[in-house]
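Some notes on the structure that comes next.
Keep in mind it's a predicted model, so treat the numbers as computed, not measured. Letters go in sequence order (proteins before strands), and every chain restarts at 1.
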Amino acid sequence: MTKQLYLKPRSAAEAAALLAEHRRAVIIGGGAYVRLGSRRIDVAVDLYDAGLDYVRRTPNGLELGAMATFRMLETAPELQDYADGILVRCVERIVGVQVRNITTVGGTLFGRYGFSNLITALLALDAEVALHHAGRMPLGDFLATKPDSCDLLTAVFLPDQVWRASWQDMTRTVNDYAVLNVAAARCGDQARVVVGARPGRGVRCPEAEAALLAGDADGAAEVAASTLEFGNDVRAGGDYRRELCRTLVARATAEVLA
Amino acid sequence: MTIVFTLNDREVTWEIEPTETLLQALRRNGLVGAKEGCDTASCGVCTVLLDNKPVPSCAVPAARVDGHTVTTVEGVQDQARRIGEAMAAEGADQCGYCTPGLVMSLVAMEKELDQPDDEQIRSYLAGNMCRCSGYTSQMRAVRKYLGGGR
Amino acid sequence: MNEVGKSLPKIDGVGLALGRPAYTDDLAPRPALVVRALRSPHAFARLKSIDTAAAEAIDGVACVLTWRDVPRVAVTRAGQGHPEPSPRDRFILDEYVRHVGDEVAVVAADSEAAAVAALAALVVDYEVLEPVLDFEQAEDHATVLHSEPEIHENFPIGFEPTRNIASAYAMHVGDVDKVVQDAEVVLRRTYYTQAQQHVALEPMVCATWLDLHGRLNVLTSTQTPWHVRRIMARALEMPVGEIRVNKPRIGGGFGGKQMIHGELLCGLVTRRTGKAARMVYSRREVFAATNTRHPMRMDITLAADRGGHLRAIDMQALSDTGAYGEHALTVFMVAGAKTLPLYNKVEAVRFGGKTVYTNRVPGGAFRGYGAIQGNYALESALAELAHELDLDPVELRRMNMIAEGETSPIFAIMGEGTEGVAMTIDSCKLPACIDRGMELIGWGEKYPRREAGPEKVRGVGMALAMQGSGIPGIDMAAATLKLNDFGSFNLLIGATDLGTGSDTILAQIAAETLSVSTDLIKVYSSDTDRTPFDTGAYASSTTYVSGHAVRTAAQKMRAALLTEGAAMLGCAEKDAVFDGAEVRGPDGAISLEDLSTRLLYSQNQKQLCTTGSHLCEKSPPPYLAAFAEVEVDLGTGKVDLIDFVAVVDCGQAINPNLARVQVEGGLAQGIGMALTEEVRYGKRGTLLTGDMMTYRIPARQDIPRLTVELAASHEPSGPFGAKSVGEIGIDTPPAAIANAVFNAVGVRVRDLPLTAEKVLMALREGRAK
């Protein structure tokens with residue numbers, strides 16, 4: 001057995017250097033979904049001390065550090081009213097305070113989890129991500145790429161926009177992961193309708209966005225249900241998800257229009 | 001590897017495996033108040049405080065706490081006793097396996113929330129699952145504990 | 001009464017809150033070998049070969065065991081009376097694996113890492129066989145799960161392994177077919193109940209070591225120490241007297257620890273290596289390799305007149321016992337035996353069916369033990385009948401339910417695995433429970449439904465339940481009281497406190513009988529070497545059966561104290577009285593403290609030690625009236641529980657708080673079964689719900705309100721008037737909630753759980769009436 005290494009860089013730059021040095025290194029973000037014993041990790045790079053755990057206002061909007069936890073999103077004063085608080089709504093019921101204290105923005109986005117509420121909400125708010133090497137890009141573009149384990153996600157940026165927004169999700173028990181989640185947002189002539197946990201990852205539905213712009217909540221619901229793909233998993237069947245999509249998109253868009 | 005951290009207000013130096021979880025390291029060192037329950041951070045019985053925030057110790061790498069502060073039920077015995085008494089007075093303690101984890105969440109909640117209502121209490125404690133009590137008696141006990149603490 | 005009827009705090013509560021070492025893994029000896037099992041990835045397979053050489057060569061590996069290395073003795077892992085009513089259809093390890101998670105081999109190593117490496121180094125050649133995954137297709141399936149020549153039933157239970165039948169049962173009273181033919185109204189329905197997992201938060205944990213004398217010591221999280229010892233002795237081919245089993249504090253059981261789990265493997269490792277060993281199940285192993293509630297199909301026929309008088313009930317069931325027949329027959333029988341007597345006015349009643357093998361996680365004991373399955377079917381069918389007859393469902397129950405002073409022929413016909421015992425119901429406060437429950441839920445204003453905002457409707461539903469109090473003729477318990485100097489007592493009991501507080505309750509019974517304060521009673525329990533026998537904590541037996549034994553021991557101690565006190569006072573025994581503080585005679589008194597100290601040190605020296613023993617002779621049912629209020633979201637199908645009211649007749653509650661929380665906890669588990677919990681499998685029999693992220697038990701916001709009250713009641717045959725309370729809470733939520741959902745939105749879901757998905761899809765398909 002080779003000696004295992006556990007490294008704790010003090011900055012993003014140091015972390016990036018370690019990743020460059022150790023080709024097989026694995027980044028430890030939250031840790032909630034990484035069971036150290038369950039797969040062989042030779043070099044772990046834990047970002048806990050890298051100074052990325054922040055939520056802050058910038059001249060151009062808001063910035064969430066990659067190590068900002070769900071609990072930080074939930075309690076950050078900057079996020080209580082931003083986009084009608086949907087970044088708070090989308091995380092506040094997930095499992096429990098304990099898990100939300102270790103689940104991070106970066107870990108969630110890097111994991112590209114289908115069940116993720118945060119991805120759905122961020123997509124609806126035109127979030128961008130910053131990668132140490134690849135630079136800044138829209139979240140949607142980042143999600144479409146294959147994970148590059150040598151790069152480091154450092155932050156998420158939210159534009160300085162006044163979104164009217166709504167968060168809707170359905171869970172089996174109150175603190176379960178979503179059976180389906182929906183975020184809708186509108187700002188001027190911009191509209192966003194995102195549906196996730198289908199069980200595939202959150203995606204925008206341009207036809208529903210057009211309906212939302214036209215002020216037609218029921219139309220948005222119909223078109224989202226009929227155009228998006230839904231599948232089966234242990235939480236629910238695809239047919240049910242389609243019906244749920246109809247209901248939740250209708251409720252989300254109606255709330256945005258109200 | 002060696003880690004140095006503050007455990008229950010005392011600085012300790014531990015030899016750990018890089019792959020160990022905080023829960024494993026705690027129990028191996030005789031602090032058995034935090035229990036193993038689900039292995040997936042879903043049940044709350046392994047809750048401890050890391051830098052004063054409740055975390056599932058089964059999902060925290062032991063190596064992470066190097067240079068940080070960990071509080072376990074062994075470090076909050078006075079509060080644990082008062083919470084334990086409040087629970088026992090309601091018959092809410094039952095098998096007791098989830099109680100130390102609940103104690104840790106309550107200790108954190110008291111610091112974070114001012115005069116929480118029932119809804120806020122339920123929400124804060126949601127990650128502490130209990131299979132014995134049906135939660136109702138726990139809520140009675142928590143309200144009495146909080147009321148008595150003021 | 002001073003001690004009984006008081007809500008004293010549980011004696012171990014504060015120590016557990018402080019996090020003191022108390023549970024098996026806290027106390028297990030260190031160092032100990034880490035025992036881990038290799039588990040089957042296939043639902044059904046033959047082990048063509050297992051190459052252990054590489055695993056054995058790993059540094060720190062102490063032993064590797066396969067089916068070739070273990071005694072070939074057929075056992076059941078069901079912790080039940082002797083001989084067990086479950087088929088002996090299992091070996092410590094076998095050449096076949098019969099469900100995903102079944103044990104292929106076991107390794108023991110100095111460290112977790114070495115054990116994990118050894119598991120990975122085992123090379124297994126599987127001959128994958130066609131599994132039986134649908135229990136409705138299991139009987140006479142081309143695949144036969146069990147063809148081992150050694151397996152057998154201990155007495156006739158209908159065991160036909162060549163047909164995949166673990167057990168079969170049939171009974172009838174009167175001519176059901178004839179009554180059905182003549183009846184004005186006949187209702188036929190089929191209901192399905194799912195596999196549910198116990199999810200005690202402490203997993204299965206055990207540790208074994210050899211003591212100074214070479215005897216095998218077993219520390220284990222079990223509900224049945226004596227059954228564990230007996231079955232271990234058989235499986236390991238060693239005398240019972242060479243094994244000691246001790247249960248420390250236990251982190252929940254619910255029936256899940258009424259089976260043998262790691263004890264056989266761990267014990268064998270210690271026997272082979274001479275070293276201490278420890279086996280801790282991961283949560284994944286708990287889901288994949290312990291037990292679930294038996295899923296059932298229930299075909300119900302009700303015959304009645306137009307006025308709502310029930311004339312006949314026919315309940316035919318099919319039960320899925322998974323890969324092994326643990327509790328197969330007895331759970332099946334309870335589905336009828338602890339539901340049908342509720343409606344004893346019928347002219348005819350029939351119950352029967354089979355329990356079949358499938359390649360799934362084995363069924364096993366689980367709180368409710370068949371009664372919850374039967375209750376869901378029967379209480380749903382009664383609601384459907386009331387609806388057809390346009391009757392208030394409460395009135396239908398009142399017309400037909402059992403009453404104090406009455407009986408049912410079923411009590412004599414059906415026991416657990418055998419014939420039952422005739423009994424008259426001496427305590428049944430159902431009428432009061434129903435009246436109070438209706439008041440608490442507001443039935444008059446809320447039945448059947450109310451609008452509750454846009455796309456939200458609320459409805460109420462109800463159900464009744466009965467359970468038992470121990471197994472008559474089988475459950476037996478003993479207790480010993482030992483007097484210490486300075487006036488305290490040791491209470492040594494075989495009874496097994498699995499978190500219910502029974503140690504406390506039994507101390508209260510001893511204290512009440514002795515007129516002393518409960519804190520003078522020092523309890524030590526559940527140790528096969530050091531406490532008297534007890535069949536174990538199951539079948540709602542501890543308060544009623546073990547409590548009786550404690551009371552008898554305490555009565556004898558009281559008599560002994562009088563004898564010795566009178567002797568010291570120099571008076572006749574008949575002239576002496578004991579009030580808990582002192583023995584008083586006509587001319588003086590001696591304090592308990594003084595008496596007990598003199599008896600050991602200075603005068604008439606002797607040890608006072610008394611033992612009480614009790615065999616359960618009847619099983620008086622506790623009763624419960626349940627009322628659920630739900631809110632259904634018409635757009636998502638989500639069912640939110642608004643309130644669940646349960647008023648229970650459990651006789652005199654020894655400790656009202658602990659009795660109430662037993663009911664509340666049972667309700668919560670039943671609510672989980674009603675709404676979200678379900679063990680699910682993939683196409684090839686893999687477990688889809690193998691962790692607590694996929695298998696969801698209710699969190700505290702899912703159960704915002706439970707309203708539980710205890711009705712005033714007294715059971716003449718119970719200790720201080722007590723009946724049982726451990727199981728009855730779980731029985732009603734599935735039916736009461738299903739009935740409430742129907743009343744709210746007209747959707748009748750007949751297969752559990754009542755997920756939002758099923759409700760919404762039924763609404764969308766226009767299945768609403």
Side-chain angles (χ1 to χ4, degrees), chain B residues 17 19-20 24 27-28 30-45 72-74 77 80-103 118-119 121-123 125-139, chain C residues 7 9-10 12-23 25-26 112-113 198-203 249-254 280 282-284 498-501 655-669 671 691-693 697-701 703-708 729:
Chain B
E17 294 293 325
T19 52
E20 240 178 338
Q24 288 167 331
R27 293 189 62 85
R28 193 166 51 71
L31 287 96
V32 297
K35 319 288 183 201
E36 182 170 329
C38 71
D39 321 315
T40 53
S42 308
C43 76
V45 304
T72 69
V73 72
E74 288 84 356
Q77 291 279 286
R81 179 174 293 280
R82 282 190 284 120
I83 294 165
E85 284 168 356
M87 297 271 283
E90 292 297 327
D93 41 337
Q94 296 293 300
C95 86
Y97 200 74
C98 70
T99 312
L102 185 77
V103 166
D118 280 9
E119 194 58 37
I121 294 171
R122 280 200 190 91
S123 169
L125 301 178
N128 292 90
M129 307 296 260
C130 171
R131 191 61 157 166
C132 291
S133 71
Y135 303 112
T136 309
S137 56
Q138 278 194 356
M139 287 299 292
Chain C
S7 288
K10 206 155 68 64
D12 48 358
V14 170
L16 297 176
L18 293 171
R20 289 180 177 154
Y23 303 90
D25 191 51
D26 304 345
E112 186 78 30
H198 311 79
V199 199
L201 288 181
E202 181 203 30
R249 292 299 92 189
I250 161 172
F254 316 114
V280 180
S282 69
R283 183 57 57 181
R284 193 157 272 284
L498 48 145
T500 56
N655 183 316
N657 266 356
L658 292 174
R660 180 178 170 192
V661 177
Q662 276 303 300
V663 178
E664 291 174 352
L667 292 177
Q669 238 170 358
I671 289 163
D691 56 44
M692 285 181 68
M693 295 194 289
I697 64 170
R700 67 188 71 224
Q701 300 103 312
I703 303 182
R705 195 174 154 90
L706 299 173
T707 307
V708 172

Which heavy atom in [X] sits nearest to a heavy atom in [Y], and how many Å separate them?
| X | Y | value |
| --- | --- | --- |
| B/Glu90 | C/Val661 | O-CG2, 3.6 Å |
| B/Cys43 | C/Leu201 | CB-CD2, 4.1 Å |
| B/Tyr97 | C/Pro203 | OH-CD, 3.8 Å |
| B/Pro100 | C/Leu16 | CG-O, 3.4 Å |
| B/Cys132 | C/Phe254 | SG-CZ, 3.7 Å |
| B/Met129 | C/Pro698 | CE-O, 3.9 Å |

Out of B/Gly33, B/Gly84, B/Cys95, which one racks up the most heavy-atom pairs below 4.5 Å with chain C?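 Of B/Gly33, B/Gly84, B/Cys95, B/Cys95 has the most heavy-atom pairs under 4.5 Å with chain C.
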Just give me the residue among B/Asn128, B/Asp118, B/Ile83, B/Val103 that pairs up with chain C most often, heavy atom to heavy atom, under 4.5 Å.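 Answer, by heavy-atom pair count under 4.5 Å with chain C: B/Asn128.
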Kindly indicate whether the side chain of [X], heavy atoms from C-beta on, has any atom under 4.5 Å from the side chain of [Y].
| X | Y | result |
| --- | --- | --- |
| C/Leu658 | B/Gln94 | yes |
| C/Asp25 | B/Glu36 | no |
| B/Tyr135 | C/Pro704 | no |

Partner residues of B/Ser42 under the side-chain contact (heavy atoms from CB on, under 4.5 Å) criterion, sequence neighbours left out: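 With neighbours one apart ignored, the set is B/Cys38, B/Thr40, C/Met692, C/Met693.
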side-chain contact (heavy atoms from CB on, under 4.5 Å) against C/Asn657, all qualifying residues, sequence neighbours excluded: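 Listed in chain order: C/Ser7, C/Asn655.
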Side chain / backbone / both / neither for [X] at chain B, heavy atoms under 4.5 Å:
| X | value |
| --- | --- |
| C/Pro656 | neither |
| C/Arg284 | backbone |
| C/Ile250 | backbone |
| C/Leu498 | backbone |

Cut-off 3.5 Å, side chains only: do B/Glu119 and C/Gln701 have a donor facing an acceptor?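 Note: B/Glu119 and C/Gln701 side chains miss the donor-acceptor criterion.
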Sort [X] into side chain, backbone, both or neither according to what part of it lies under 4.5 angstrom from a heavy atom of chain C.
| X | result |
| --- | --- |
| B/Glu17 | neither |
| B/Leu125 | both |
| B/Ala89 | backbone |

Does C/Val14 form a side-chain contact (heavy atoms from CB on, under 4.5 Å) with B/Met87? I'd like the steps, not just the answer. CA-CA 8 Å; C/Val14 170; B/Met87 297 271 283; over 6 Å; no
Heavy-atom pairs under 4.5 Å with chain B - which of [options] has more of them than the others?
| options | value |
| --- | --- |
| C/Arg700, C/Glu664, C/Arg283, C/Arg705 | C/Arg700 |
| C/Leu706, C/Ile703, C/Val663, C/Asp691 | C/Leu706 |
| C/Ala200, C/Ala17, C/Gly253, C/Gly252 | C/Ala17 |

Hey, could you give me the CD/CZ distance between B/Gln77 and C/Arg20, rounded to the nearest 0.5 Å?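 Result: 7.0 Å between the selected atoms.
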